[in-house]
Amino acid sequence: MEELVAAMGQPRFRGRQIFHWVHGRLETDPNRMSNLPKALIGQVVERCRIAKAESAHELVSADGKTRKRLLRLPDGQSVEAVLIESPFPGHEVDRYTVCVSSQVGCALGCSFCVTGQVGFVRQLTPGEIVEQVYGFERLLRQADGERGGASRRFVTNVVFMGMGEPLANYEAVLAAIRILLHPEGFALGARRITISTAGIVPSIERLAEEGLPLGLAISLHAPTDQLRDRLMPINRRYPIASVLKAAAHYSEQTGRRVTYEYSLIQGVNDSVTHARQLARLLAGQLCHVNLIPLNLSLDPSLRPASADQTATFRRTLEETHIPCTIRESRGQDILAACGQLRYTADKSA
Ligand code: SF4
């Protein structure tokens, strides 16, 4: 922004002011940037476009806590972003988590994931990523204004768990994160942002050197290479041992505990034997296992594990001192849960 205004013959601090308007106050109309000189506003209007994602479709879950938006991008493509409201233990405010997409479609083709079955279309830009967060933040601020409350930032957490593999769009995702973290902009804390990856090993290693204590979640879903090869083709390139080694390095560098995501699929990866294999793999790692009831899949042979099997799997892990939770799957009534985004996008298109 400083370079942009310098090229317009303006002092560099004006760039910081514009940055704060766009990324802190989320203003999209330069004419409302009241501390800028009129001449600069004219130049900004003439030379810049402050994009605002158009919400083409919106669904709210029956409990009102999950809201999904289909966002239309300038080239006609669409992605989905989800806002999830939940209690925030130890805080006076609720937790508002935005689940963002990082790509249109995904090239990795995981067998249980609807997005993966559609294939890769294109990368999202940093602007298209942050705008998914800003759109929901504007909505929350507006609702707060209508209630007469004090203006503040509402979104507390951002997770890269929507469409796409974030570490396959590394540059744009990191640029978006640095914008979200900027103290003169949206000012999120790095610990409030989580990247979920299928396990792109070189990118995990690179992320470990960024000096950012971001949350890292690895979609594991299988305790053996043989099974994981079948569920997640990326495993043939980066087998489990290499992913775990990169994750352990990430933990060492950042001090963050890595989360392993494990979707329980009936008769495929949900037995006590699988749980014991998983416990052996993760023994000694600074980690946490998130057991996820499988969501809707295009493959009818992939069904969620039963509640009993899920509880047994959890107990087996806990007996071996692997910290573990069963993730409450939010927003299933609006197909907003993981792996379902593109499916709805296609149906809505
Ligand atoms: S689970 Fe993630 S990495 Fe795998 S196909 Fe779906 S979006 Fe891509």
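Both counts, for ligands and for their atoms, begin at 1 and track the order of listing. On a predicted model such as this, the values are computed, not experimentally measured, just so you know.
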Test side chain to side chain contact (heavy atoms under 4.5 Å, CB included) applied to Phe160 and Ile177, Thr194, Leu167, Leu214, the passing residue: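 Exactly one pass, corresponding to Ile177.
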Please list every donor-acceptor pair under 3.5 Å in which a side-chain atom of residues 33-52 meets a protein atom from a residue at least two apart or in another chain.
from  : atom 1 : to    : atom 2 : distance (Å)
Asn35 : OD1    : Trp21 : NE1    : 2.7
Gln43 : NE2    : Met8  : O      : 3.3

Between Arg228 and Ala198, which heavy-atom pair has the shortest distance, and what is it?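 Looking at all heavy atoms of both residues, the shortest contact is NH2-O, 2.8 Å.
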Give the atoms of ligand 1, by number and element, whose distance to some non-hydrogen atom of [X] is under 4.0 Å.
{"X": "Gly109", "result": "5 (S)"}
{"X": "Gly164", "result": "7 (S)"}
{"X": "Cys106", "result": "3 (S), 5 (S), 7 (S), 8 (Fe)"}

Of the listed options Ala107, Ala168, Gly116, closest to atom 5 (S) of ligand 1 (non-hydrogen atoms):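 Among Ala107, Ala168, Gly116, the closest heavy atom to atom 5 (S) of ligand 1 comes from Gly116.
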Does anything in residues 163-175 pair up under side chain to side chain donor-acceptor pair (under 3.5 Å), and if so which pairs, sequence neighbours excluded?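 For residues 163-175: Glu165-Thr197, Tyr170-Glu210, Glu171-Arg206.
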Does Cys110 bring an N, O or S atom to under 2.8 Å of atom 8 (Fe) of ligand 1?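 No, Cys110 does not qualify, because none of its backbone or side-chain N, O or S atoms lies under 2.8 Å.
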Would you call Arg327 and Glu261 a salt bridge, using N to O less than 4.0 angstrom?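 The answer is yes: the pair qualifies as a salt bridge.
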